[in-house]
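Proteins get letters first, then strands, A, B, ... in listed order; numbering begins at 1 in each.
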2 protein chains.
Amino acid sequence: MLSERVYQTLRAEIVHGDLWPNQPMIEAEIAERLKVSRTPVRESMQRLAADGLIVSRRRRWVVYEHTPEEIQEIYEVRAALEGQAARLAADRADEEDRAVLAGVLDADAKQRFLSGRARVEANEQFHDAVVRAAHNQRLTSELIRMRLYGFNTRVVNSYDADLLSRSWSEHEAIATAILEGRPDQAADLARRHVEHSMTIIFERS
Amino acid sequence: MLSERVYQTLRAEIVHGDLWPNQPMIEAEIAERLKVSRTPVRESMQRLAADGLIVSRRRRWVVYEHTPEEIQEIYEVRAALEGQAARLAADRADEEDRAVLAGVLDADAKQRFLSGRARVEANEQFHDAVVRAAHNQRLTSELIRMRLYGFNTRVVNSYDADLLSRSWSEHEAIATAILEGRPDQAADLARRHVEHSMTIIFERS
DNA sequence: TCCCACCACTGAGCATGCAATATTGCATGC
DNA sequence: GCATGCAATATTGCATGCTCAGTGGTGGGA
């Protein structure tokens with residue numbers, strides 16, 4: 001379906017940062033650029049608006065700029081979900097999940113993360129490994145929705161060496177709690193990990 | 001906007017149970033019934049599909065029927081969010097929140113709930129009071145999304161006197177933890193409360 | 001009688017036209 | 001020089017027509 005393709009394209013452009021907050025999104029312009037009619041573009045707009053990525057202001061679509069308060073709120077929701085993911089992972093991780101989790105935390109990955117070369121990717125891989133071990137598809141998709149904002153990438157990219165190191169230790173602690181089957185502790189650590197990264201955003205700005 | 005009105009109408013019809021799972025939703029039919037053209041109906045379909053309420057099967061829209069596994073997944077997500085709401089409420093509830101929370105748990109409300117007369121409403125009022133005290137708009141809207149499924153209402157309606165009583169006690173315990181400012185305990189109790197109601201669905205079916 | 005092929009029909013995907021409305025720029029007056 | 005009102009323009013909201021895919025029904029042959 002064209003409308004699906006348009007939606008994916010626009011969403012990627014917003015999250016990746018090609019389209020900036022407050023930038024107007026003009027139906028006809030996008031339609032021409034993507035070589036489709038306005039109809040699939042309109043349908044994509046509805047979905048992007050439901051995702052909270054764009055908003056209609058005075059009969060115009062613009063990329064939405066989240067206020068600091070809203071970013072904090074999103075992080076609080078995400079903290080709850082990452083906590084639940086870690087909890088369920090500690091209960092349910094099978095052999096394959098454990099292998100994946102151990103894999104994303106090996107010495108090689110640590111080097112890449114701490115050096116900053118692939119910090120965003122390594123970070124995502126860890127959180128993906130946890131959520132995957134939770135065996136809950138809905139939780140997975142909700143967490144993807146929460147990570148679907150432009151500001152997430154910026155956060156991890158703003159870490160200095162000290163914070164990268166601290167963040168990695170937290171990952172290790174969460175993984176250990178999961179692998180050793182301590183759901184309450186895993187949930188607590190994961191929640192605090194997200195809360196911690198949240199406070200960093202606001203200290204910096 | 002017509003498309004907004006159509007969306008609200010259809011969503012309400014699905015959640016309320018006027019439209020049944022697997023029932024086909026025909027664009028032209030709905031357009032005629034609601035006296036609008038097919039365009040706003042199409043746009044509503046996109047949003048309903050994003051909500052997971054309808055699904056396109058072989059080029060036709062039908063009301064989606066969640067599998068038991070998916071219902072369990074949704075409850076696990078909701079457990080995490082209600083837990084977080086209770087945690088934040090324990091940290092942040094102001095005088096007005098406390099009054100509301102006490103109000104929905106007074107002797108009169110208890111009577112109405114236990115007698116079964118207004119069980120669904122009283123249940124929603126309690127959870128609303130908690131989420132309101134959490135002072136997090138995003139968490140509120142995510143929780144509303146989670147309660148937006150037809151099966152939720154059916155759950156509370158299937159409670160017998162014993163379960164109603166047990167459920168009320170859990171509400172009281174959560175409220176106490178919030179009012180006395182014990183976030184960890186409030187979160188734990190709220191999460192277990194949702195998990196508990198979840199297990200009931202599956203024991204019954 | 002049963003099975004298969006073909007055809008008509010239903011309904012969604014997309015394009016486009018038209019109307020309504022908000023915005024912008026310009027002219028005019030104070 | 002600045003404010004105000006009007007006209008032109010930009011852009012969305014909605015309606016409708018066309019096309020194509022999937023479905024079901026019907027007729028003919030084994």
Phosphate OP1/OP2 of C:dG13 contacted by B:R42 side-chain N/O (<4.0 Å):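 B:R42 to C:dG13 OP1/OP2: side-chain N or O found under 4.0 Å.
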Establish, with yes or no, whether the OP1 or OP2 oxygen of C:dA15 is under 4.0 angstrom from a side-chain nitrogen or oxygen of A:S37.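 Answer is yes, contact under 4.0 Å.
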Can you find a heavy atom in the side chain of A:I30 that is under 4.5 Å from one in the side chain of A:M45?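 They are in contact (side-chain heavy atoms under 4.5 Å apart), so the answer is yes.
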State, yes or no, whether a side-chain contact exists between A:R147 and A:E82 at a heavy-atom distance under 4.5 Å.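 The answer is yes; the side chains approach within 4.5 Å.
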Quick check on contacts: within residues 22-29 of chain B, what sits under 4.0 Å from DNA chain C by heavy-atom distance?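 Here the set is B:M25, B:I26, B:E27.
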Which residues share a salt bridge (Lys or Arg N to Asp or Glu O under 4.0 Å) with B:R92, sequence neighbours left out: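 Listed in chain order: A:E76.
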Under 4.0 Å protein heavy-atom contacts per nucleotide of nucleotides 17-22 of chain D, with B for base, S for backbone only and - for none: BB-BSS
Rounding to a whole Å, what distance do you find between [X]:[atom1] and [N]:[atom2]?
X	N	atom1	atom2	value
A:I30	D:dA10	CD1	C1'	15 Å
A:E43	D:dT12	CD	P	15 Å
B:E32	C:dG11	CD	P	12 Å
B:R33	C:dG11	CZ	P	15 Å
B:W61	C:dT10	CH2	P	22 Å
B:Q46	C:dG13	CD	C1'	10 Å

Any donor-acceptor N or O pair under 3.5 Å, side chains B:Y7, B:Q46: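 No, because no side-chain N or O of B:Y7 sits under 3.5 Å from a partner of the opposite role on B:Q46.
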Any pair with a residue in residues 35-53 of chain B that passes salt bridge (Lys or Arg N to Asp or Glu O under 4.0 Å), sequence neighbours left out, goes on the list, sorted by first then second residue, please.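 Only A:R42-B:E43, A:E43-B:R42, B:E4-B:R47, B:E27-B:R38, B:E27-B:R42 qualify under salt bridge (Lys or Arg N to Asp or Glu O under 4.0 Å).
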Keeping to residues at least two apart or across chains, list the salt bridge (Lys or Arg N to Asp or Glu O under 4.0 Å) pairs with something in residues 11-26 of chain B.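 Qualifying pairs: B:E13-B:R33.
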A:T39 or A:M45: which one's nearest nucleotide on DNA chain D is closer to the 5' end?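 On the 5' side of the pair lies A:M45.
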Is there a Watson-Crick or G-U wobble partner for C:dG25 with both distances under 3.5 Å, and which nucleotide is it?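 Pairing partner: D:dC6.
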So, using side chain to side chain donor-acceptor pair (under 3.5 Å) as the criterion, who are the partners of B:R60 when residues are at least two apart?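 Listed in chain order: nothing, the list is empty.
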Nearest-0.5 Å distance that lies between atom CG in A:N123 and atom CH2 in A:W168: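 Interatomic distance, A:N123 CG to A:W168 CH2, rounded to 0.5 Å: 9.5 Å.
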Mind checking whether B:Y149 and B:H66 have parallel, tilted or perpendicular rings, split at 30° and 60°?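 The arrangement is perpendicular - the two ring planes meet at more than 60°.
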